[in-house]
Number of protein chains: 2
Amino acid sequence: MPKGPTKRRPQTTARLLEAAQETFAERGFYGSSIEVICERAGLTRGAFYSNFRTKEDLFFALFDLHGQRVVDRLTQAVDELDTAEDPLRTVLTRMGALDETERRWYLLSTEFTLHAIRHPDTARTLAEHDRRLREEIVRLLAGLFDRLGRRPTVDLDSLARLTTAVHEGSLAQSLVEPDQLAPEELAVTYLPMLVDLVSEPVAPGP
Amino acid sequence: MPKGPTKRRPQTTARLLEAAQETFAERGFYGSSIEVICERAGLTRGAFYSNFRTKEDLFFALFDLHGQRVVDRLTQAVDELDTAEDPLRTVLTRMGALDETERRWYLLSTEFTLHAIRHPDTARTLAEHDRRLREEIVRLLAGLFDRLGRRPTVDLDSLARLTTAVHEGSLAQSLVEPDQLAPEELAVTYLPMLVDLVSEPVAPGP
DNA sequence: TGTATCCCATACGGTGTTGTATCGTGAGGG
DNA sequence: CCCTCACGATACAACACCGTATGGGATACA
């Protein structure tokens, strides 16, 4: 007799998550009813309420998934730094490289952020998830400085906030005027200068 | 026997518009049902459907009202240019000066823009309203260059697009990090340089 | 003041969505 | 092979909201 979760359960949640991703992309967060998401997953609402508490729960699960993907991608980029000629540019370009997935995620997360602004409880939860993601980014930044043979002179958490702001700000503008501004342009132009500014060589020159 | 609209009608629409403004501010566009808006206005849905076709109609009415207020404010600023010492800075500061109203409008219009992205018909209507507003801004810019004794060397419509983008982009960032960035800072810093770049004196120096 | 017209309130039918309570099925340990 | 629990399906009750059709009170003009 089953004591823990069965093998079927993770498959069910995976199907719900994928259906949610697609539905959110097409209709947005508000526009996606739980019912339609379940329908798309080939399940019923019973399955949903067995796996998630609310639609917001579903979003946060997607949030974590997406964050993990981004972190993995950047981690790999940092790990491959040695072989590149212009290492920083490589990382940044990879950071700005936007597939359709990233664009849709921006739209969704923006909508959800606006929602959170009007709902303090949700905002607190969102801030907590943001914080956890930023921890990963701090880890990444530390690794990056290490690879570059430099030691940061500022708080890495604030630096993580800044890079995130630049990334999302650029994204917003390039979505508004795709022909005028490439998504990675601002980051590639300004962030390298910044790196020099906020760090010093580990072993100062002779 | 009344042949045209009666005196009561404009009062009713005004009450609806004000109630909508407040409700949208508190709950956002999606979160505001027509019913709640009418309730707040002390009216019933009958009044609404007699004055507007859809909730989107209501938004666009607010859009026009807000646009008109902004244009009026800037027009006044341009008209008072002569007496100021640093004319351009005056206009820009006034443009960036954000009261709470402006902040709420940003949240609302952002949410509505996301909505429009997913609904092409709405997007077309929004683009049309944007266009009309931009016409006013072009008029303003023309007046500004005139006052400055300069002649623009670029298309004023594209310049209007740019200033709008800078304005909204700054707003977004200053909302995300209020302590890090004043709303008018970017505009005040960069736009004056730009003005020189895209215009020439009407009467070149001897 | 009468009265034609306007305009908002009311009432109605309908749809979509939510959360829960209950049931049946099948997975998986004994 | 069988028994038991997990888990998703189903059924249910309630709610919120929408759009319309209609009636009556308010309004403006003679």
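Since we're looking at a predicted model, the values are computed, not measured. Naming convention: chains lettered A, B, ... in sequence-line order (proteins, then strands); numbering from 1 in each chain.
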Could you run down nucleotides 22-30 of chain D 5' to 3' and tag each one B, S or - for protein heavy-atom contact under 4.0 Å? ---B-BBB-

Could you run down nucleotides 9-16 of chain C 5' to 3' and tag each one B, S or - for protein heavy-atom contact under 4.0 Å? BB------

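Looking only at side-chain heavy atoms (C-beta outward), B:L133 and B:V71 come within less than 4.5 Å of each other.
A salt bridge is absent between B:E18 and B:R15; no separation between the charged side-chain nitrogens and carboxylate oxygens falls under 4.0 Å. We find that B:E136 and B:R139 are joined by a salt bridge, their nearest charged nitrogen and carboxylate oxygen being less than 4.0 Å apart. Salt-bridge annotation for B:E128 and B:R124: absent, with no side-chain N of the basic residue lying under 4.0 Å from a carboxylate O of the acidic one.
The stretch residues 12-21 of chain A has no heavy atom under 4.0 angstrom from DNA chain C at all.
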Ignoring hydrogens and angles, write down the donor-acceptor pairs under 3.5 Å from the side chains of residues 27-42 of chain A, residues two or more places apart or on other chains.
residue: A:Y30; atom: OH; partner: A:H115; partner atom: ND1; Å: 2.7
residue: A:S32; atom: OG; partner: A:T23; partner atom: O; Å: 3.3
residue: A:S32; atom: OG; partner: A:G28; partner atom: O; Å: 2.6
residue: A:S33; atom: OG; partner: A:V36; partner atom: N; Å: 3.2
residue: A:R40; atom: NE; partner: A:E22; partner atom: OE1; Å: 2.8
residue: A:R40; atom: NH1; partner: A:E26; partner atom: OE1; Å: 3.2
residue: A:R40; atom: NH1; partner: A:E26; partner atom: OE2; Å: 3.4
residue: A:R40; atom: NH2; partner: A:E26; partner atom: OE2; Å: 3.0

So what does the secondary structure string of DNA chain C come out as, 5' to 3', with Watson-Crick or wobble pairs under 3.5 angstrom, [ ] for crossing and | for pairs with another strand? ||||||||||||||||||||||||||||||

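Of the residues B:F63, B:F24, B:F60, B:Y106, the one that meets the ring-ring contact (aromatic ring centres under 6.0 Å, His included) test with B:F112 is B:F60.
Of the candidate nucleotides C:dT18, C:dC7, D:dG8, C:dT18 has the atom lying nearest to any side-chain atom of A:I34.
Within the structure, no pair that satisfies the salt bridge (Lys or Arg N to Asp or Glu O under 4.0 Å) test touches residues 59-69 of chain B, not counting sequence neighbours.
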